[in-house]
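Chain naming here is simple, since letters A, B, ... match the order of the sequence lines and numbering starts at 1 in each.
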2 protein chains.
Amino acid sequence: MSSKEKILGTAIVLFAQKGYSGLSMRQLAQAVDMSVAAIYHHFPDKNTLYLEAVRFAFSDKEQVFAQVWESGCSAEEKLGGFIRSLIDVMLQDRDFHRLMQREILEADPERMQLLAQGIFKRQFSLLMQLATELAPEQDAQLVATSIIGLAKCYVEYQPLLKNFPGWKPKHEMPEVIAAHITELLLNSLRAKTA
Amino acid sequence: MSSKEKILGTAIVLFAQKGYSGLSMRQLAQAVDMSVAAIYHHFPDKNTLYLEAVRFAFSDKEQVFAQVWESGCSAEEKLGGFIRSLIDVMLQDRDFHRLMQREILEADPERMQLLAQGIFKRQFSLLMQLATELAPEQDAQLVATSIIGLAKCYVEYQPLLKNFPGWKPKHEMPEVIAAHITELLLNSLRAKTA
DNA sequence: ATGGACCTAACAAACGTTCAGTAGGTACAT
DNA sequence: ATGTACCTACTGAACGTTTGTTAGGTCCAT
């Protein structure tokens, strides 16, 4: 692993934990056991480093979903597979999830465009295509957004849900969450097309 | 409006925009047109100020939903009303929404408990009750979470969705979003009980 | 004359960034 | 083979600015 990759990998974890302004270059330097100037040798400034870290975090997620799309399953099975993969990725790589959350929270228009066009567009298009297949008469973007929103909220609210009445340990199991969401969606989409 | 309330109100907006470490005491002082020391006269330190601001932001939201619950509508109409109110609150008071998002992102266990027990518990319980009424055989917490997650994601992803294919201006209209979510949920819940 | 509300000015620490310099390697002309 | 030139990767020390916080004093209503 090169120094640059080491810096980026550590930056992902620490930016996800502390946020952009919460992480100082000195803290990062200490974490990768280098001098501050060494980091500035690889990256022109903090902002560029952050952007590259975000891009780096996203770079290996693309192929996780490839096998779902390329499988010979039915549309309904593909939906189940996609939801399950999405939840698995977010639960396993929480730094990725938190970094993504932070990016969306910041909502900088320029970065939103970069995020949408450069990173998520392909997956979102495929999901919209699937939505059209399942429910041709509904608005594909609305349906696709609902799918992602449903999956994401369970990961996001997990620390909060523990404290509500009605909480059960199985609510943290990816297969239970995925099954609930998939059923909810298929029930609805089927009802509409029938 | 007292100085203390003025500080808190401004702090909500700026903490929501910039995050805890992104907002300095000097910036806040300038925004409320006071000296830094004046803020320290009212609050012992930055952390306490932040906590009080969060609490202050949540204090007036409780009653927005009261009229939904107290209306004589059917369960299905109540669901529609709740979803519409939720989206309206989040779209109108974006600072409240962003501050809430930040709190959940931070996911400090102690603060999560405070948030759940002290602020959201009542609304969540009423929503679970409604879920049970609509779909008795389903897990109420899962359904309630799906309802909130669905509503929230549309507000959250708005800056991102603009950049995706298939976006239409009407996707930002609260009544369109609310209608889509309500229909999605009712379709599904009805299909199950039928 | 007492006390709450507020000020200016300063503190040490931490901040992002830069700069001059060095160790180690490669390439090339002599 | 050897000196020179140039490269990347890195260091230590410093730049000026901003940070959270506080001490000491002023104003004004009670």
How long is the line joining NZ of B:Lys18 and P of D:dT18, in whole Å?
13 Å
What is the distance, rounded to the nearest whole Å, between atom CD1 of A:Ile39 and atom C1' of C:dG16?
12 Å
Mind checking whether B:Tyr20 and B:Tyr50 have parallel, tilted or perpendicular rings, split at 30° and 60°?
perpendicular
note: B:Leu23, atom CG; D:dT19, atom C1'; distance rounded to Å ~ 12 Å
Side-chain contact check for A:Ser3: nearest option of D:dA9, C:dC7, D:dT11 is D:dA9
Roughly, in whole Å, what's the span from CZ in B:Arg26 to C1' in D:dT17?
10 Å
Expressed as a whole number of angstroms, how long is the span from A:Phe43:CZ to C:dT17:P?
13 Å
With the side chain defined as heavy atoms from C-beta on, A:Ala38 is closest, among C:dT17, D:dT11, C:dT8, to D:dT11
Taking the six-membered ring for Trp, are A:Phe164 and B:Phe120 ring centroids under 6.0 Å apart?
no
D:dC10 phosphate, OP1 or OP2: any side-chain N/O from A:His42 under 4.0 angstrom?
yes
Between A:Pro44 and A:Gly22, who's closer to the 5' end of DNA chain C by nearest nucleotide?
A:Gly22
Looking only at side-chain N and O atoms, does A:His41 come under 4.0 Å of OP1 or OP2 in D:dA9?
yes
Sidechain-backbone polar pair: B:Thr145 side chain, B:Gln141 backbone, donor-acceptor under 3.5 Å
yes
Distance check needed: D:dC10 C1' versus A:Ile7 CD1, whole Å only.
11 Å
Does NZ or CZ of B:Lys152 come closer than 6.0 Å to the centre of the six-membered ring of A:Tyr157, within 45° of the ring's axis?
no
What is the separation between atom CE on A:Met25 and atom C1' on D:dT11, rounded to the nearest whole Å?
15 Å
Measure CG/B:Asn47 against P/D:dT21 and give the value in whole Å, please.
9 Å
Return whichever of A:Ala37 or A:Gln27 has its heavy-atom-nearest nucleotide of DNA chain C closer to the 5' end.
A:Gln27
Sole candidate of A:Arg98, A:Lys18, A:Arg102 that passes salt bridge (Lys or Arg N to Asp or Glu O under 4.0 Å) when paired with B:Glu106:
A:Arg102
Check every strand shown and say whether A:Ser24 touches a base, only sugar-phosphate, or nothing at a heavy-atom separation below 4.0 Å.
sugar-phosphate
